[in-house]
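The block underneath contains the structure these notes are about, expressed in structure tokens.
Only a predicted model underlies this, so the values are computations on that prediction, with no experimental measurement involved. Here is how names work: the chains are called A, B, and so on, in the same order as the sequence lines, proteins then strands, and each is numbered from 1. Keep in mind that the numbers below use all heavy atoms, side chains included, and drop hydrogens, waters and symmetry copies.
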Amino acid sequence: MGQKQTDIDQRIWQVVMLIPAGKVATYGDVASQAGLSGAARRVGHALRGLPPDTRIPWHRVINAQGRISLPPGSAAARAQRDRLAAEGIRFTGTRRVDLAKHRWQPG
DNA sequence: ACCGTGACTCTGC
DNA sequence: TGCAGAGCCACGG
């Protein structure tokens, strides 16, 4: 088999699974940890391909501004916000997460 | 092989 | 803080 797409996606998903509850990582962080430094956009694409019933904590991945990158108001965006809130993550008035406090620091 | 596209990021105003 | 521009990687057509 060896489908290359699956190969890279799985590496990305594997990194996402390492993010503990209550913590978040940016797309860039995940890309870097997956050995794809600079390919933040590729991470977004990989998460986009996740099935709705996945166990992978995709909601813990946000952008470098501390905001949700999904379309504002979309069901997915609300789901991400709710899941993060359920893990104790607070949002600022401008719907941002305090990265200095919640950012996952591997190693 | 070229071009357009994206759940991105950084810099500047 | 917000918006625009340019840079980025990898992918699909």
Subject >> Residues touching DNA chain B, which here means a heavy atom under 4.0 Å, drawn from residues 76-92 of chain A >> reply: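 Those residues: none at all.
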Subject >> Selection: residues 98-107 of chain A, any non-hydrogen atom under 4.0 Å of DNA chain B >> reply: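 Of all residues in residues 98-107 of chain A, none places a heavy atom under 4.0 Å from DNA chain B.
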Could you list the residues that satisfy side chain to side chain contact (heavy atoms under 4.5 Å, CB included) with [X], not counting sequence neighbours?
| X | answer |
| --- | --- |
| Arg78(A) | Ala75(A), Arg81(A) |
| Arg83(A) | Trp58(A), His59(A) |
| Gln33(A) | Val15(A), Trp104(A), Pro106(A) |
| Pro52(A) | none |

**OP:** Could you pull out the closest heavy-atom pair between Ala64(A) and Thr26(A), with the gap in Å?
**Re:**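 Nearest heavy atoms, Ala64(A) then Thr26(A): CA-CG2, 3.8 Å.
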For atom [atom1] of [X] and atom [atom2] of [N], their distance in whole Å:
| X | N | atom1 | atom2 | answer |
| --- | --- | --- | --- | --- |
| Ile8(A) | dA10(C) | CD1 | C1' | 7 Å |
| Asp9(A) | dA10(C) | CG | C1' | 10 Å |
| Leu36(A) | dC9(C) | CG | C1' | 8 Å |
| Arg48(A) | dT5(B) | CZ | C1' | 13 Å |

Original post:
If the sugar-phosphate is the primed atoms plus P, OP1 and OP2 and the base is the rest, what is the B/S/- string for nucleotides 8-13 of chain B, using protein heavy atoms under 4.0 Å?
Top reply: BSS---
About how many Å separate [atom2] of [Y] and [atom1] of [X], when rounded to the nearest 0.5 Å?
| X | Y | atom1 | atom2 | answer |
| --- | --- | --- | --- | --- |
| Ile68(A) | Gln80(A) | CD1 | CD | 4.0 Å |
| Arg41(A) | Leu36(A) | CZ | CG | 15.0 Å |
| Ile12(A) | Leu47(A) | CD1 | CG | 7.0 Å |

Subject >> Results of side-chain hydrogen bond (donor to acceptor under 3.5 Å, both in side chains) for Thr94(A) - residues two or more places apart only >> reply: Thr92(A), Arg96(A)
Original post:
Can you list the residues that meet the side-chain hydrogen bond (donor to acceptor under 3.5 Å, both in side chains) rule with Ser69(A), with sequence neighbours excluded?
Top reply: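 Counting only residues at least two positions away or on another chain, Ser69(A) forms a side-chain hydrogen bond (donor to acceptor under 3.5 Å, both in side chains) with Asn63(A).
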Original post:
Any side-chain heavy atom of Ile19(A) sitting closer than 4.5 Å to one from Val24(A)?
Top reply: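 No, their side chains stay 4.5 Å or more apart.
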Subject >> Qualifying salt bridge (charged side-chain N to carboxylate O under 4.0 Å, His left out) pairs, either residue in residues 54-76 of chain A, two or more places apart >> reply: Arg60(A)-Glu87(A)
**OP:** State which residues pass salt bridge (Lys or Arg N to Asp or Glu O under 4.0 Å) with Arg103(A); sequence neighbours excluded, sorted by chain then number.
**Re:**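 Salt bridge (Lys or Arg N to Asp or Glu O under 4.0 Å) list for Arg103(A), sorted by chain: Asp29(A).
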Distances under 3.5 Å only, N/O to N/O: pair up the protein atoms with those of nucleotides 2-6 of chain C.
unit_1: dG2(C); atom_1: OP2; unit_2: Arg96(A); atom_2: NH2; d: 3.3

